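Structure first, then comments.
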Amino acid sequence: MRNSDEVLADALAAPERVPAHSTRLGGREMGGQVQSWRVERAYSTDVPEALRAFSGSAAAQLELSLGGTGEPAPRLYSAWAGRTTGDVVRPGQSVVHEAGASGRTVPAFRGTVRSRTAASGSDTVTVQALDGAERLRGPAQLPRPYHGLLRAQPVATATWCADELLRRAGVHSCPPPRAPSVDADVSRPFTALYASLHGGFNASYGQPETLPAPSAYSWVRDGAPFEMALMPKAAGLAVSWMPRSRFVVAGKVFQAEVHVNTALSVGNELELKLIFDRSAGAYGNYALNVYFATGVVKITSGTVDGSGTVASWTIPKLASLKGVWHLGFTVDTRSGTVGANTQATVYPRLTAPDGEYVVPSTAPYTFTETSALQPPSELFQINLKTDVAVECLQVTDRSWPDLSSYTADEWEQKGRWVKGAVLDDATVPLFHVPQVSGSQWDALTEIAKATMSTAEFDEQGVFHWRGPGRFQSVPVRPDLTVTTRRDIAALTVSEEIDACRNHCEQPYQDWTGVTSTYSDTVTDTVIREIKPGVPVDVAYAVAEDELDIGPLQIEDDVAPAGGHRVRFGSAVTGGSSVKGSVTVSSRRDGPNYIVRFTNYGTASVWTVTKDGKPSVQIIPQKRARDPRERSFAWYNTTSQSFYGKQVYQAPATDWVQQQQVASDLSHAMLDAGRYPVPVLGEVEVLHDPRIQLGDVVRVVDRSGAGLDTLAWVVGIRTTCQAGTAPQQTLTLRGTSYNGAPADSGLTPDAPVDPEYGTKRTYALIDAQNATLDALTTSKITYRDLLKAPGGAA
């Protein structure tokens, strides 16, 4: 229920109310010109109406009738009106509506104009608007890596997918990627990896590489830095990702960062390591190690499993103040030459739970030791090892022009994002992310229906995703009480057999034993020249059933790479292999796998093998076979004894991929429908702008139906004509049923007449036909003679 103050509460409780509303269009107050308004919210779902609180999406709609000021409204606000007046109600314009009483209002709607209709000869323009659902009209896309099948571990959840769809529409639940766009300017920042860790290891940009077993971690919301975090169950939880950009090590500034809560821990350490692919099968790394018990922060530059140099800082606050920390490190390699050995200057970055941007007194540190030099190489992998709850991991290439001007506000992305989404617990694990189509709102609705979740924007424009557990427990206390004595003007209670579902079946896909395999190899037919500073984008066709793959690995002549690879030669005929000069990035765009080559060196290179052939070789991945279709069902025999078998078979969907998930969903539906729960429809109440979808209302009717029950709000319609009080109509669904039938004093008739098909006795025939002549006169057949009344032969 929406929060309010005592003034509004008193105004709503007063014997007489003075309605109030405020309507802003394009940021301009237009409330005085509103002739009438109407706001409607309700869940949309495919399940029976009495069960609709349990799944679906809800998009609020606002309809306004505007009058003119000095001139007729159509002349001011129609599609052909002058821009100076007409743009205030143009399609796409912002709309904010508030309602209340006695001059006190609370948010009732926030969205954008969808249409305007001007009736010539009148003084009315009708404006229709939609809430935040209008922001989700972009194409639905989700990353579909093959690693969940390869590792036989869940790679995401339905909650992660919902969050990702929102993020791609600009609705964020945690700090967004710093530089997600692919820019023609090769000097601009670029996000190489972004993993929200909101219920999945899948990454918005980049891909998971190694995955832990589900028994080793959980997804937590309480105490998460922003919305949801990865929580290890034992110290040293390890996971790794491949970047979407294998950027070169020299000549730039790059950084890695993560948000943690040190109060949620099973140990005292965290390691964030960037691994770089060198020649001859060797690997280098830059690593951040944080020791929370001692407040020590270390940054290492060296060789993986070999020598290196460590820079160390002691930050007492890190040990003394538990809570949400923003941790990371910046690496500046601009002093090095692309394609040569590089020394780096490193800088740890920390923001404490109290908001202090912690600056170590001896930072930055420049590595000069031979063991710390990085030879020509490209980013290969990002490894995370953690004992604490972590969220929002990202790596940014070309992050900032220099270290000294990098401010705390830039580090925290102040003013660049606003939290606009709230998630529920991570449910419905996914080994394989299903393909989505249509708009982002279409995809969210599909997921919500398939997983018995709800999706909606509230009156302040904040998106809420709630999982199947939302309505499973019966609430103890209501958010609001309405009575026929004061609040309720009309009430209709209905109970229908269609609301009873006592045999609930959930189909699911069994992915056990399904792994990934190589698809058809794509070999380039052209040797491409990659000139310095000029990005080259090449699109390669991929099939719809082929999964996302990462950027090509850059091979060398000493230890050639196999499979998904590219070699850069110093000459068009082959020449010598070139490492550490060309950044290779990749992205999926519908049927295309797009590779970008960016040469940061000073001379051209060519995509050519040692023997003078095109060197680009792409090997897509796909599932080895289709999953098996199975079903799981729960049923209630007690309910069946009263109501008969009432089946609900959920539609088959790609989103349910485990028997346990199918069991949970079918049991949730059974809990909702094993007895028909009453629906309170067309409940006309005194307008209360604080009521929201999902609120619990206590309905007390002493004069009519004689009920006192709790019910969920699953639909709200509010209308108001200027000069009159708003009218509010609620659709409510009972939180529980009125007990199991007792049928006290009743002996229900059997569904079939018990005398059906019984034979007449001789005595009955003799009594009905006193003489043989009477029987002959009736011309009754022998079959009818034996048939009992109401029966059939």
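Bear in mind that the values here come from a model prediction, so they are computed numbers and not experimental data. The figures here come from the full heavy-atom set of this structure, side chains too, leaving out hydrogens, waters and symmetry mates.
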CA sep, side-chain torsions, deciding dist, call: Ile716, Val39, side chain to side chain contact (heavy atoms under 4.5 Å, CB included): CA-CA 8 Å; Ile716 308 172; Val39 179; over 6 Å; no

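- In this structure, NE2 on His172 lies 11.5 Å from OG on Ser196, to the nearest 0.5 angstrom.
- You'll find the side chain of Gln394 stays beyond 4.5 Å of the side chain of Tyr205, heavy atoms only.
- Between Gln93 and Asp87, the shortest heavy-atom contact is NE2-O, 2.7 Å.
- The salt bridge (charged side-chain N to carboxylate O under 4.0 Å, His left out) analysis of residues 154-166, with sequence neighbours excluded, yields the pairs Asp163-Arg167, Glu164-Arg167, Glu164-Arg168.
- Under a cut-off of 6.0 angstrom, the local environment of CG in Asp185 is crowded, with over 12 non-hydrogen atoms contributed by other residues, nucleotides or ligands.
- Between Val239 and Pro208, every side-chain heavy-atom pair lies at or beyond the 4.5 Å cut-off.
- Side chain of Arg588 to backbone of Gly590: a donor-acceptor contact under 3.5 angstrom is found.
- Every side-chain hydrogen bond (donor to acceptor under 3.5 Å, both in side chains) that Ser22 has, sequence neighbours left out, goes to Glu29.
- Under 3.5 Å, the side chains of Asp442 and Thr445 contain no donor-acceptor pair of N or O atoms.
- The shortest side-chain heavy-atom distance between Ile447 and Leu165 falls under the 4.5 Å cut-off.
- Atom CD of residue Glu98 and atom CD of residue Gln460 lie 9.0 Å apart, to the nearest 0.5 angstrom.
- Here the OG atom belonging to Ser57 is positioned 6.5 Å from the NZ atom belonging to Lys449, to the nearest 0.5 angstrom.
- Arg596 is linked by a salt bridge (Lys or Arg N to Asp or Glu O under 4.0 Å) to Asp537, counting only residues two or more places apart in sequence or in another chain.
- Contact annotation: the side chain of Val182 never approaches that of Ile594 to less than 4.5 Å [non-hydrogen atoms, C-beta and beyond].
- A distance of 4.0 Å separates CD in Gln413 from CZ in Arg178, rounded to the nearest 0.5 Å.
- A pairwise comparison of heavy atoms in His198 and Cys174 identifies CE1-SG, 3.5 Å as the closest pair.
- Checked by atom type and distance alone, the side chain of Thr157 pairs as donor or acceptor with a backbone atom of Gly199 at under 3.5 Å.
- Qualifying salt bridge (Lys or Arg N to Asp or Glu O under 4.0 Å) partners for Glu356, counting only residues two or more places apart in sequence or in other chains: Lys317.
- Contacts of Phe292 classified as ring pair (Phe, Tyr, Trp, His ring centres under 6.0 Å), with partners at least two apart in sequence or in another chain: none.
- For the residue pair Gln128 / Ser115, a side-chain donor-acceptor distance below 3.5 Å is found, with atom types taken as modelled.
- Pairs engaging residues 429-453 under the ring-ring contact (aromatic ring centres under 6.0 Å, His included) rule: His432-Trp511 [sequence neighbours left out].
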Derivation of the side chain to side chain contact (heavy atoms under 4.5 Å, CB included) call for Thr330 and Phe254: CA-CA 6 Å; Thr330 301; Phe254 55 90; over 6 Å; no

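- Judged purely by atom type and a 3.5 angstrom limit, Trp465 has no side-chain atom pairing as donor or acceptor with the backbone of Ala162.
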Stepwise side chain to side chain contact (heavy atoms under 4.5 Å, CB included) check, Arg110 with Arg24: CA-CA 10 Å; Arg110 181 178 290 264; Arg24 294 197 306 277; 4.2 Å; yes

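- Residues passing the side-chain hydrogen bond (donor to acceptor under 3.5 Å, both in side chains) test with Thr719: none are found, sequence neighbours excluded.
- Side-chain atoms of Asp131 never come within 3.5 Å of backbone atoms of Gly111 as a donor-acceptor pair (strictly under, hydrogens ignored).
- Remark: side-chain polar atoms of Thr653 are paired, donor with acceptor, to backbone N or O of Trp655 under 3.5 angstrom.
- Of the possible polar contacts, none joining the Gln692 side chain to the Asp458 backbone as a donor-acceptor pair under 3.5 Å is found.
- Looking at residues two or more places apart in sequence or on another chain, you find a salt bridge (Lys or Arg N to Asp or Glu O under 4.0 Å) between Asp409 and Lys414.
- Put simply, the side chain of Leu393 reaches to within 4.5 Å of the side chain of Trp241, judged on heavy atoms.
- For the salt bridge (charged side-chain N to carboxylate O under 4.0 Å, His left out) condition, the pairs that include at least one residue of residues 418-435, sequence neighbours left out, are Glu227-Lys419.
- His21 and Gly31 make their closest contact through NE2-O, 3.2 Å (heavy atoms, listed as atom of the first residue, atom of the second, distance).
- Closest of all the heavy-atom pairs between Leu64 and Val34 is CD2-CG1, 4.3 Å.
- Trp411 and Tyr357 have tilted rings, their planes meeting at an angle from 30° to 60° on a 0 to 90° scale.
- Checked by atom type and distance alone, the side chain of Arg398 pairs as donor or acceptor with a backbone atom of Arg188 at under 3.5 Å.
- Ser173 contributes no side-chain N or O that, together with a main-chain N or O of Val422, makes up a donor-acceptor pair within less than 3.5 Å.
- With sequence neighbours excluded, the residues that form a side-chain hydrogen bond (donor to acceptor under 3.5 Å, both in side chains) with Arg690 are Asp688.
- With sequence neighbours left out, Phe463 forms a ring pair (Phe, Tyr, Trp, His ring centres under 6.0 Å) with Phe457.
- Interatomic distance, CG of Leu8 versus OG1 of Thr105, reported as 8.5 Å (0.5 Å rounding).
- Looking at Trp325 and Val358, their side chains come closer than 4.5 Å, going by heavy atoms from C-beta outward.
- Rounded to the nearest 0.5 angstrom, Glu209 CD and Phe201 CZ are separated by 14.0 Å.
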Worked check of side chain to side chain contact (heavy atoms under 4.5 Å, CB included) between Trp160 and Leu197: CA-CA 8 Å; Trp160 184 93; Leu197 298 175; over 6 Å; no

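- Closest of all the heavy-atom pairs between Ala426 and Thr159 is CA-OG1, 3.5 Å.
- Heavy-atom neighbours of Arg416 CZ from other residues, nucleotides or ligands within 6.0 Å: above the threshold of 12.
- Side-chain contact check for Leu237 versus Met231: every heavy-atom pair is 4.5 Å or farther apart.
- Of the listed residues (His326, His259, Glu257), just one forms a side chain to side chain contact (heavy atoms under 4.5 Å, CB included) with Thr351, and that residue is His326.
- Remark: side-chain polar atoms of Asn261 are not paired, donor with acceptor, to backbone N or O of Pro225 under 3.5 angstrom.
- Checked against side-chain hydrogen bond (donor to acceptor under 3.5 Å, both in side chains), Tyr194 has no partners two or more places apart in sequence or in another chain.
- Residue Glu40 qualifies as enclosed at atom CD: its count of foreign heavy atoms under 6.0 Å is above 12.
- Between the side chain of Asn202 and the backbone N or O of Ala156, no donor-acceptor pair lies under 3.5 Å.
- Residues Thr112 and Gly92 approach most closely at CG2-O, 3.8 Å, considering heavy atoms.
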